[in-house]
Asks: 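Take a look at the following structure, please.
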Amino acid sequence: MVRYIVKRLFQGLPLLLVISITLFLLMMNIGDPIATMGGRTITRQSDRERLTRQLGLDKPISVQYLYWLIGNDWTKVDSDGDGIPDNYGTRHGILRGDFGTSLVTRKPVTELIGERIPNTLLLMVASEVVTVFFALLFGIYSALRQYSVMDNIMTALLFIAYSMPIFFVSLMSMYIFAVLFKKWGLPYLPTVGMFDPQVGKTPWQIFIHMILPVFSLSVTYFAAYSRYIRSTMLEVLSQDYVRTARSKGLPRRQVVYIHALKNAALPIVTVIGLDLPFLLGGAVVTERIFAWPGMGRLFLDHVSRSDLPVVMGILMLVATAVVVFQIITDIIYAWLDPRIRFD
Amino acid sequence: MSDSNTLVEVKNLKKHFPVTRGIILQRKVGVVRAVDGISFSIQRGETLGMVGESGCGKTTAGRTMLGLYPATDGSVIIDGDDILHARGKDQLKIRRKAQIIFQDPYASLNPRWTVNSIVSEPMRVHKLFATEKERSERAKDLLGMVGLSPHLLNRFPHEFSGGQRQRIGIARALASDPLFIVCDEPISALDVSIQAQVVNLLEKLQDQLSLTYLFVAHDLSMVRHICDRVAVMYLGVIVEIAEQNELYENPLHPYTQALLSAVPVPDPRKERARKRTILVGDVPSPINPPSGCRFHPRCPVAIEKCKDIVPEWREVSPQHWVACHLVN
Amino acid sequence: MNNQTPTLSELADDLITPPLTLWQLGWLRFRRHKMALFGGVILILLFIFAFGGAFLYTEKYANFNDTSQRLLAPSAEHPFGTDSIGRDILARTIYGGQISLFIGLVSVIIETILGIIIGALAGYYGGVIDAILMRITEAMLNIPTIFLLIVMAKFFGGNVPEIEIAGRVFSGSVIVIIVIIGATSWMYLARIVRAEFLSLKENEFILAARATGTSNSQIIFYHILPNTVAPIIVSSTLSVANAILAEAYISFLGLGVMPPTATWGNMLESSAKYLDSAPWLWFFPGMLILLTVLSINFIGDGMRDALDPRSRTI
Amino acid sequence: MNHMKSVLFLMVVAMLLLSACGGGSAATSVPEQPGDATEVPATDAPASEKKVVTFSWTQEFTSLSPLYSTGWFTAVTQQFWNCWAWNYDENNEPYPYLVTEMPSFENGGISEDGLTITLHLRDDIKWSDNEPITSEDFRFSWAMNIDPKNIVSSTYPEDLVTSIDTPDAQTVVLHFDTPSVAWQSLFTGIVPAHILQPVYDAEGTLDNAEWNNNPSVGCGPYNFAEWESGSYARFVRNDNYFDAPAKIDEIFIRFVPDDTAQTTALVAGDADLGAFIPYSEVPRLKEAGVEIMTQPSGFNEGIFLQVSEDFSHPAMLDVNVRKAVAMSIDFDSFNQDVNLGLVKTPGSFWDALPYYNDPPVEPYPYDPEGAKALLDAAGWVDSNEDGTRDKDGVEFIIQHGATTREVRQELQAVAQQQLADVGIELEILNFDADLFFATYADAGPTYSGELDLQEWSDTPSGFPDPDIYYWLCSEVPSDDNPSGTNSFYICDEELDALIQEQASQLDPAERQETVSKINQIFHDKVYWIGAWQDPDVWAVSSRLTGVKFSGVTPFFNITEWDIK
């Protein structure tokens, strides 16, 4: 087993390398990070030249990639612009855990990302849990009562929810539950942020500030999950052993919850497991609208300013998480399913 | 052995499948020696049977002979042309002469194609007729030849029974006017009642079109009716070849004897008296075949020599070849 | 629906004419799927709206602005009202619909071509080709699609000149959006196609074709591909809906099709600030997106059932 | 093994059910926020009568240090906790803050030759840790700015100063090689030498100083409290402030990137103040009782014309054709309808600086017939009757590029139609800001000469001083000068001379004369067409009182703000 894990991890490395090179090449051409450093006015020529040199953006792509990958503390760099390399660089490279420093904020990328991960996970895991819970309810219900009126209505509603762009769902729900409810004298929800400064960052504050973003996210993810659960359950319910259990006269409830659900759990858990690493990336649109300080927003804020180290850091983190979770999912799957063995 | 009457000549044919590890840089960690150096020849108009247990490499041998799998080593000369080393147009020319009929009548016909498309495909590939219409006419003739109604031409395979499908497969094999057909267990997937019909059809066609068959089968009983000579394969090598009667009456190799002992005899008295040799143990892995004689771990009469020395391939009597230390 | 039970005369015909091709079989099953049929009708109506509407209004009219006529509620003159610079929303939904549907269809064509080529090559040839192509596929799958969309939208942003197709001038951003949506969505299809190729290529009918001398390209395109058509069609149908939604997302992030070229996505995006003051701004494009995505999903659902090779019932 | 699997299965199901049933249970697992546990009340009870005002910023600040900040939001935030040598009032007039008086020729603060400027500091000014602010802090701030070891955001105008003398703790003497009007932009924020000198000595750079993002010591009416990236920043009243203390206890800044969400938050009362409100959001806010305040900040939205033999459309080289373009677009109606009459069409780049716009230059009137006549006279006629004018086989098709700001795109659409009416075809292009302004070396669309018309909002660089530099011949980008900023490729000798002349004219009367000449050239040669005035637009909750803004130092009177 250990050998298998180590082997899989080593197989992941070339994959991550390919991803990093491709992204790096893409990233070199998504804009000029210095162009917008002047704020509302255009960056001056002298500053552009100085910053380009100081930030190492004058180096060829290959060198920039090398520095990003393995750092530049082994070679001398020219920091004062006289054309003579004077000091050893200070970067260690991503392979040694140094994700670099943001071009925009000059903060270490690991710090920027580290600050956002808890917030993003809070929002995304909550959405995932809510989604999965309701998807299980709906999915199982419609599988048991396939083609009933309720099943059809639910299916239609699901598709409608799925068909709406999430930004629209978000803005609409914000307008209805915050603005209109307040206008109508109903209990209303807060709009943006994580807490009310007058009260402070309490669990209750965070909870009520999470309701709208979680709602918007769940609405969109819900359809896919419940459809998947429904079809998995349908498949399981038509299996011989479930029919046998029913014909044995076991109570319907017991058949469904013990036999069917247990066997449907495997594919469902797998799908959830494969989705989990992507939660780390956050929700770009939702976080932007609800001003939630997560990874999606960090990505958006920094990609719009061509901040390569931050964008690369986020993408590589998610990509690595995907690789790791794939391995974990495979192992759990094998553990649960005796038919699968690693030779 | 080679003369103008020889249609097919197989020399030292080998087919090894690599076993690899790794993702981008693949390392070869071993090989499956599915076919490990077989040689034989087939005369024009003759039917050579090839028998052996599942996994002995007989199907692979048949397919490799036609170049469906790239051969690891050896050569296959069909009607004077080397099929394995020809490329492009030359290869196409040889392909026309050699065809194959498959075991599974369900998997061997493209479910999305009509019978017409299936049967006339070889004609299209080899540009045998000028127009589609002519090809359809020829396809109808072929259907008639294999005993199917020509008006079924536009049907799809799923509308036919297994036996009918196998006839379609035969019609396709005949479409390019081949000299030689590899029949890869053509009847083993069929009902017993149908099996005889198909065998009879194959025999009839052989007479009509003077075809040459390599008839691959996993048991000896059916082969007896159709074959002129029989080759017995074990774990990638041929252990014995002889004329049909000679082999059945006078099997020399212990493995052949064991196989024959499993064939029921129609005469109940003889059947009762039949001495059965039960082989013990599994067929060894072709990744790591036993040293010396490959049969030695399961051979009831193996001697010390068999473990180390590969037995010589000898002609012990006219047209009777065998590889066994115990045969004089 | 009566023709589920064939009449005697039909049975008699059956003996002479071939009964049902797989397509006919699929169509029969599809017709029983009421939601799918409904979706089909809606989609046809949407196409008639977007492309037939061009006879009602010119594209020039769709871009005609009059700032003194801004934010007018629906009326006889402007059935869907006017937008923030006084353009007729009905005309813009018509021309925007053309672009949105065009983006949906063409990006899926790109996706399908890429997915088929990559999946087919990987599945058919296997070995090193498979390893390389699948690593690329996995690499793409390891990054959330929206991130890829954003990075690629910025990568190509503004670098593509406008082109003219069928009398309409498309701004470069339309082409960019089509390409990036196509280029970021082919991975699942490639995997499906690869899996199908892997199992199909071992089939004996492929060996039979090779024994006959049929070339690799012919085997790929005439033998294997038609057998993978069902999952490809289902996957591609659903992708059209995803592409139309993806366009709306990138528009929201300011990287979509640039005005004045209208799309349902960018119309919906720019309406966000008029949620209460001018609801007609979001209602019509929002409704059209909803209907399109909904009907395509229903159709895809129906097709999945209809083309399922395991299903043998009519 | 089987037993284990049942357990795992039960655990999964239980986890899903439990965490979802509760719903709220997810929220109880709030991630640990080290550091702020002490500052956050553990209960939900509102914390006393604390006066908290919530600001909504659409962009997060990049760094809090005046040296490293890039962007407007950081700069204005500095006024809460940092201090400038002089501030500007609501009329954008400077008044002394850390200094005792504004240096001038009259009071001897500026030497006759303009090469020496002397600042006299107040003796009662101090940092929030009670350390006095001295001339050494000024010298240190300047020295750190131009130190090549620091990757600061801009070394201008500090690099114009050749040296600084500090004869005593309250006197700062600046030496220049050439007189420069940019001196007024010096010391927009200072850094504490007593905190940062040791950091610099230890690390050789201030790039990684803790203080940059966590300025424990400041000199403004508020002290920095905390900043959570992507979420919020808090500033609490500085009890050691050397001036009148602030009335509001805490300023809470929330980063809300989406315009529409920001408006909704303002309407819902979740924010008290928002900046850069789009005009289209104004009615919604006013309806909800939010006050809209505008403050001239020097910015004007305008179209910059590219006039270059190498890149421009040949028609654009003719001044009468450029005039015709200006006369073909109805900016007044656009401002009346789309910008809701909140702003006027500026005639001059110095529209917000009446002193330098004297005599005032009026915008070209909307006159499509007159434009057609000018175009006809210039030889641009529609000879092939395809609806677009042409001359010598060249069609009159020009490119108009801008960023993706919505109101800009609306103007582009309107302009496209109005220019089409006079026979000019306008191709519209939009780019993200970091692509739009990418350098010549990076093949950015503006700097590589792809756009005949370039639209953005801009201000004279030293506002409220009308200093400019884009149009200098030396700024024209080329292979040898890849970061040149003259994307218009206009090298007008007369203009070049005047721009160079004004840059060193410290005497207001002389400046006024030179700048007015430049103004006239802009107008006569049609190098810039004003679209609309672009003042700062603030949305202010009705519960705030005493609110005033300045276009340069917006929060100059933040200490007087209060909550009803």
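In what follows, every chain begins at residue 1, and chains take the letters A, B, ... in the order their sequences are listed.
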Asks: Quick one: which of D:Ala433, D:Ser154, D:Ala271, D:Gly71 has the most heavy-atom pairs under 4.5 Å with chain A, could you say?
Replies: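 The answer is D:Ser154.
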
Asks: Under 3.5 Å, side chain of A:Gln54 to main-chain N/O of D:Pro148, donor-acceptor pair present?
Replies: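 Yes; judged by distance alone, with no hydrogens or angles, the pair exists.
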
Asks: Count the heavy-atom pairs under 4.5 Å between each of D:Gly484, D:Pro257, D:Ala261 and chain A, then report the option with the highest count.
Replies: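 Counting heavy-atom pairs under 4.5 Å, the top option is D:Pro257.
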
Asks: Measure across D:Ala265 and A:Val192 and return the closest heavy-atom pair with its distance rounded to 0.1 Å.
Replies: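 Closest approach of D:Ala265 to A:Val192, heavy atoms only: CB-CG2, 3.7 Å.
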
Asks: If you look at every heavy atom in A:Pro197 and D:Val52, which pair is closest and at what distance?
Replies: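 The pair with the smallest heavy-atom distance is CB-CG1, 3.9 Å.
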
Asks: With a 4.5 angstrom heavy-atom cut-off, is it the side chain or the backbone of D:Ser461 that approaches chain A, or both, or neither?
Replies: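 Side chain only.
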
Asks: I'd like to know which of D:Ser153, D:Gly204, D:Ala75 tops the heavy-atom pair count under 4.5 Å against chain A.
Replies: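 Most pairs with chain A among the choices: D:Ser153.
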
Asks: In terms of side-chain heavy atoms, does A:Arg116 have a donor or acceptor partner in D:Ser229 at a distance below 3.5 Å?
Replies: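 Looking only at side-chain atoms, D:Ser229 and A:Arg116 do form a donor-acceptor pair, the distance falling under 3.5 Å.
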
Asks: Looking only at side chains, do D:Ser483 and A:Glu49 share a donor and an acceptor under 3.5 Å apart?
Replies: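 Note: D:Ser483 and A:Glu49 side chains meet the donor-acceptor criterion.
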
Asks: Should we count CD of D:Glu203 as having more than 12 external heavy atoms under 6.0 Å?
Replies: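 Counting neighbours around CD of D:Glu203, more than 12 heavy atoms of other residues, nucleotides or ligands fall under 6.0 Å, so yes.
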
Asks: Taking side chain as C-beta onward, heavy atoms only, is D:Tyr447 less than 4.5 Å from A:Asp32?
Replies: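 SC-SC contact between D:Tyr447 and A:Asp32 ruled out.
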
Asks: Side chain of A:Arg50, backbone of D:Val152: donor and acceptor closer than 3.5 Å?
Replies: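 A pair under 3.5 Å: yes.
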
Asks: Report the residues that fulfil ring-ring contact (aromatic ring centres under 6.0 Å, His included) with D:Tyr156, sequence neighbours left out, ordered by chain and then residue number.
Replies: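 So D:Tyr156 forms no ring-ring contact (aromatic ring centres under 6.0 Å, His included) with any residue.
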
Asks: Under 4.5 Å from any heavy atom of chain A, what part of D:Ser65 do you find: side chain, backbone, both or neither?
Replies: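 D:Ser65 has no heavy atom closer than 4.5 Å to chain A.
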
Asks: Go through the atoms of A:Arg297 and report whether side chain, backbone, both or neither lie under 4.5 Å from a heavy atom of chain D.
Replies: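 For A:Arg297, the side chain is the part near chain D, not the backbone.
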
Asks: Considering only heavy atoms, which portion of D:Phe436 lies under 4.5 Å from any heavy atom of chain A: side chain, backbone, both, or neither?
Replies: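 Neither the backbone nor the side chain of D:Phe436 comes within 4.5 Å of chain A.
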
Asks: Is A:Arg106 reaching over with its side chain to a backbone N or O of D:Thr62, donor-acceptor style, under 3.5 angstrom?
Replies: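 A pair under 3.5 Å: no.
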
Asks: Relative to chain D, which segment of A:Arg48 carries a heavy atom at a distance below 4.5 Å: side chain, backbone, both, or neither?
Replies: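 Contact with chain D involves the side chain of A:Arg48 alone.
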
Asks: Would you call A:Thr105 and D:Ser63 a side-chain contact if the rule is heavy atoms closer than 4.5 Å?
Replies: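 Counting from C-beta outward, A:Thr105 and D:Ser63 never come under 4.5 Å.
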
Asks: Heavy-atom distance under 4.5 Å to chain D: side chain of A:Ile30, backbone, both or neither?
Replies: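 For A:Ile30, the contact with chain D is made by the backbone alone.
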
Asks: Among D:Asp432, D:Thr485, D:Thr439, D:Val256, who wins on heavy-atom pairs under 4.5 Å with chain A?
Replies: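 Most heavy-atom pairs under 4.5 Å with chain A: D:Thr439.
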
Asks: Would you check if there is a donor-acceptor pair between the side chains of A:Asp47 and D:Thr155 at a distance under 3.5 Å?
Replies: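 A pair is found: one side chain offers a donor N or O, the other an acceptor, under 3.5 Å apart.
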
Asks: Check each atom of D:Asp534 against the heavy atoms of chain A and say whether the ones under 4.5 Å are side chain, backbone, both or neither.
Replies: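 For D:Asp534, heavy atoms of backbone and side chain both lie under 4.5 Å from chain A.
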
Asks: State, to 0.1 Å, how close A:Met194 and D:Glu228 come at their nearest heavy-atom pair, and which atoms those are.
Replies: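 For A:Met194 versus D:Glu228, the nearest heavy atoms are SD-OE2, 4.3 Å.
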
Asks: D:Asp258 and A:Arg288: salt bridge (Lys or Arg N to Asp or Glu O under 4.0 Å), yes or no, with the steps?
Replies: CA-CA 6 Å; D:Asp258 190 66; A:Arg288 178 183 157 91; 3.4 Å; yes

Asks: Spell out, as yes or no, whether a donor-acceptor pair under 3.5 Å connects the side chain of A:Lys182 to the backbone of D:Ala268.
Replies: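 Judged by distance alone, yes, a pair lies under 3.5 Å.
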
Asks: Taking all heavy atoms of D:Lys50 and all of A:Gln198, pick out the closest pair and write down the distance.
Replies: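 Nearest pair, atom of D:Lys50 first, then A:Gln198: O-NE2, 2.7 Å.
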
Asks: Can you say whether A:Ile42 sits under 4.5 Å from chain D via the side chain, the backbone, both, or neither, judging by heavy atoms?
Replies: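 For A:Ile42, heavy atoms of backbone and side chain both lie under 4.5 Å from chain D.
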
Asks: Can you tell which part of D:Asn150 gets under 4.5 Å to a heavy atom of chain A, answering side chain, backbone, both or neither?
Replies: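 Just the backbone, heavy atoms under 4.5 Å.
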
Asks: Name the region of A:Thr101, side chain, backbone, both or neither, that has any atom closer than 4.5 Å to a heavy atom of chain D.
Replies: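 Contact with chain D involves no heavy atom of A:Thr101 at all.
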
Asks: Please state whether the side chain, the backbone, both or neither of A:Ile289 comes within less than 4.5 Å of a heavy atom of chain D.
Replies: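 Looking at A:Ile289, backbone and side chain both touch chain D.
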
Asks: For D:Phe276, is it the side chain, the backbone, both, or neither that has a heavy atom closer than 4.5 Å to a heavy atom of chain A?
Replies: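 Just the side chain, heavy atoms under 4.5 Å.
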
Asks: Can you tell me which portion of A:Phe195 sits under 4.5 Å from chain D's heavy atoms? Options are side chain, backbone, both or neither.
Replies: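 When you check distances to chain D, atoms from both the backbone and side chain of A:Phe195 fall under 4.5 Å.
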
Asks: Is D:Tyr470 close to chain A through its backbone or its side chain, or both, or neither, when contacts mean heavy atoms under 4.5 Å?
Replies: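 Interface part for D:Tyr470: side chain.
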
Asks: Counting heavy-atom pairs under 4.5 Å with chain A, which one of D:Ile151, D:Asp270, D:Thr74 comes out on top?
Replies: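 So the answer, after comparing D:Ile151, D:Asp270, D:Thr74, is D:Ile151.
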
Asks: Less than 4.5 Å to any heavy atom of chain D: does that hold for the side chain of A:Val285, its backbone, both, or neither?
Replies: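 For A:Val285, no heavy atom lies under 4.5 Å from chain D.
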
Asks: Is there a side-chain contact between D:Tyr469 and A:Arg44 (heavy atoms, below 4.5 Å)?
Replies: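 D:Tyr469 reaches A:Arg44 side chain to side chain.
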
